[in-house]
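First the structure, in the form of structure tokens, and then the observations on it.
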Amino acid sequence: MLWVDKYRPRTLDQIMVHQDVAQNLKKLVTEQDCPHLLFYGPSGSGKKTLIMAIICQMFGPSAEKVKVENRTWKVEAGSRNIDLELTTLSSTNHVELNPSDAGFQDRYIVQEIIKEMAKNRPIDTKGKKGFKVLVLNEVDKLSREAQHSLRRTMEKYSTYCRLILCCNSSSKVTEAIRSRCLNVRIKAPTEEQIVKVLEFIGKKEGLQIPSGFAARIAEKSNRSLRRAILSFETCRVQQYPFTSNQSIPPMDWEEYISEIASDIMKEQSPKRLYQVRLKLYELLVNCIPPEIILKRLLYELLKKLDIELKHEVCHWAAYYEHRMRLGQKAIFHLEAFVAKFMSIYKAFLIATFG
Amino acid sequence: MAPVLQTSQPWVEKYRPKQVKDVAHQEEVVRVLTNTLETTNCPHMLFYGPPGTGKTTTALAIAHELFGPELYKSRVLELNASDDRGINVVRTKIKDFAAIAVGSAQHKGGYPCPPYKIIILDEADSMTEDAQNALRRTMETYSKVTRFFFICNYISRIIEPLASRCAKFRFKPLSDEIMSNRILHICNEEGLNLDEQALSTLSSISQGDLRRAITYLQSAARLFGSSISSEDLIGVSGVIPQEVVEALFSACKGGNFDLANKEVNNIIAEGYPVAQMLSQLFEMIVEADDVSDEQKARICKKLAEADKCLVDGADEYLQLLDVTSNTMRALCNMPQEFSYD
């Protein structure tokens with residue numbers, strides 16, 4: 001088992017990073033007056049962990065026995081039938097799903113499947129009123145229509161169904177949904193907090209950590225706890241006992257992008273552009289999301305550029321990322337950004353050095 | 001075993017005024033409507049104003065006071081944006097309801113029960129123009145037995161022919177004082193402790209929207225228990241603390257790109273919603289004294305573009321960075337246009 005999973009806190013009491021949030025949530029759950037919840041924050045900040053801990057708190061250990069189901073739903077949409085494939089993760093009291101997986105058909109998932117799930121009351125042996133929990137991931141990727149359909153469902157079935165929504169950026173969730181939920185902001189852990197967690201894991205594993213080593217991992221992790229723990233484990237596999245100047249291996253795709261960055265700084269020509277395209281394809285084929293590639297490329301370029309150019313380059317990065325979102329094929333826009341950068345840089349070089 | 005769930009009513013519903021005279025801060029409307037209650041005569045009405053000022057509340061209250069619980073179901077039709085309101089509904093459902101004849105005035109159980117029905121169209125500005133056009137004739141034909149109440153945020157989205165058939169009432173945003181009164185009333189009822197500072201924070205973050213204020217109050221009460229501080233309220237509302245916005249703004253003034261970039265990174269890591277950031281930055285810039293009008297205009301132009309991009313789903317970090325860099329260029333009088341466009 002990976003350390004990330006092994007040391008994932010199971011209950012609200014075990015949580016180390018967001019203790020204040022966890023305590024408040026605990027109060028909320030024990031008071032039995034739980035509203036719909038919306039968690040938002042950057043990735044690797046612990047949203048999922050918190051959600052699972054809450055569910056455990058609500059339903060006890062039975063919530064940990066989950067089964068993965070891959071079902072095909074037949075949905076009637078107007079005159080035709082659509083088959084929707086959806087993977088759900090469910091226990092007796094909660095169902096977790098990722099509605100945006102259905103792409104542009106997400107509206108049907110919300111209108112049919114979620115409604116169906118919300119409608120069915122959980123059966124309780126004692127005949128009491130119970131409720132169940134639906135966890136929806138990545139709600140920010142839902143289309144507008146799907147979000148509008150969701151708001152009716154949220155109100156109508158709120159007596160026996162609670163929704164827990166999880167997303168990265170709450171600006172992409174409509175105001176109507178946000179105002180119906182209790183919004184919980186989960187911030188990325190600070191570097192000190194990451195160090196504390198790493199030291200905790202080290203102690204449990206019986207490892208000797210040289211001073212400053214954990215801090216270096218934390219610094220490289222971009223404030224993502226998951227990434228810090230993963231690279232901590234990588235280091236452990238690579239070389240143990242740790243030495244204080246041991247290098248922390250960067251992600252291979254990051255290295256690859258930094259290569260691209262230095263490539264386009266060196267030479268600006270159609271030939272080089274062609275070579276870069278192959279490399280970008282390589283990254284896309286390996287499932288690195290295009291916006292991450294663009295962001296990382298910008299990061300690498302900003303490190304090397306002169307101050308006058310930075311403004312311009314970051315403007316174009318934002319411009320092409322926006323277009324990428326509207327368009328279909330990411331590679332066009334990535335390449336356009338590279339070409340734009342080349343032309344800017346070349347013009348800059350000619351202007352300065354003649 | 002599934003835990004037991006107490007049915008909890010949102011406070012917004014719980015404390016919704018039941019009578020027209022309880023509606024706060026809208027004297028004009030209240031005066032006209034109390035008159036209506038006495039004479040049982042009323043024109044078509046159009047209520048408009050920002051959210052949370054009591055438009056729906058007023059419409060529902062007058063309908064209840066006119067007809068009482070018994071007749072309410074048969075005399076009032078309520079449609080809002082979540083119901084289908086295409087042109088077909090206007091042609092069938094609304095027209096059918098409007099066409100029903102009703103008996104003459106009789107006093108039933110102390111309610112005036114005037115001889116007409118009321119159709120309340122909530123969020124009327126989201127109706128299509130075609131649907132609104134289809135309503136014109138219906139309104140006139142059945143004006144003997146039916147009154148229409150339109151409720152909307154933006155009167156400009158109601159077509160002129162409809163607007164001219166109605167008596168218009170503007171609902172103004174609630175003043176801080178009246179808002180505080182209502183909030184204090186709720187606090188008393190619910191047994192909450194709210195200090196002076198928290199109270200003023202609440203009225204400032206809700207910006208005259210009473211519904212939003214009450215929702216924040218309830219969320220905070222659920223999370224933090226009966227004594228609520230102003231930090232708790234800010235945390236619940238999703239408003240970004242003023243220091244963070246100021247830090248970004250002063251980083252822009254400083255003119256150092258790398259420092260500003262770091263600030264942007266920090267904001268993203270803290271998980272603040274960028275759309276909120278943009279609107280707070282906008283407020284700060286508009287009010288700033290040491291920024292010239294031209295600079296303001298440049299910054300606002302970029303803010304608008306970034307906002308549109310965010311709606312399209314663009315990446316938050318890149319957009320905020322772009323805004324920051326543009327703001328910096330405007331504030332430090334760097335060349336605005338790129339030389340190699």
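This is a predicted model, so every value here is computed, not measured. Each chain gets a letter, A, B and so on, in the order the sequences are listed, and its residues count up from 1. Just the heavy atoms: all of them, side chains too, but no hydrogens, waters or symmetry mates, feed the values below.
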State whether the number of non-hydrogen atoms from other residues, nucleotides or ligands found under 6.0 Å of A:R226 atom CZ is greater than 12. no
What part of B:M277 is in contact with chain A, defined as an atom under 4.5 angstrom from a non-hydrogen atom: side chain, backbone, both or neither? neither
What option among A:K187, A:H322, A:M324 has the most heavy-atom pairs under 4.5 Å with chain B? A:H322
Bottom line for B:Y317: the part with an atom under 4.5 Å from chain A's heavy atoms is side chain
Testing A:L297, A:L301, A:L298 for side chain to side chain contact (heavy atoms under 4.5 Å, CB included) with A:F341, which one passes? A:L301
Could you point out which residue of A:L165, A:L163, A:I54 forms a side chain to side chain contact (heavy atoms under 4.5 Å, CB included) with A:L37? A:I54
Rounded to the nearest 0.5 Å, what separates atom NZ in B:K302 from atom CZ in B:F282? 16.0 Å
A:Q268 side chain to A:K346 main-chain N or O, any donor-acceptor pair under 3.5 Å? no
To the nearest 0.5 Å, what is the distance between CG (B:D315) and CZ (A:R325)? 6.5 Å
I'd like to know which of A:V184, A:L302, A:I307 tops the heavy-atom pair count under 4.5 Å against chain B. A:L302
Suppose a student defines contact as a heavy atom less than 4.5 Å from any heavy atom of chain A. Which residues in residues 265-275 of chain B would they list? B:N266, B:I268, B:A269, B:E270, B:G271, B:Y272, B:P273, B:V274, B:A275
Would you say the side chain of A:V173 lies within less than 4.5 Å of the side chain of A:C167, judging by non-hydrogen atoms? yes
Other residues, nucleotides and ligands only: do more than 12 of their heavy atoms fall within 6.0 Å of CZ on A:R296? yes
Please identify, among A:G41, A:S43, A:C314, the residue contributing the most non-hydrogen atom pairs under 4.5 Å to chain B. A:C314
For B:K262, is the NZ atom crowded, meaning more than 12 foreign heavy atoms sit under 6.0 Å from it? no
Contact class of A:K172 relative to chain B, heavy atoms under 4.5 angstrom: side chain
Tell me, out of B:Q319, B:E316, B:R212, B:R211, who's got the most heavy-atom pairs with chain A below 4.5 Å. B:E316
Per-residue tally against chain A (heavy atom, under 4.5 Å) across B:T324, B:L320, B:L321 peaks at B:L321
Determine, stepwise, if the pair A:L50 / A:L12 fulfils side-chain contact (heavy atoms from CB on, under 4.5 Å). CA-CA 7 Å; A:L50 268 171; A:L12 286 175; 4.1 Å; yes
Please classify the contact between B:T215 and chain A as side chain, backbone, both or neither, with a heavy-atom cut-off of under 4.5 Å. side chain
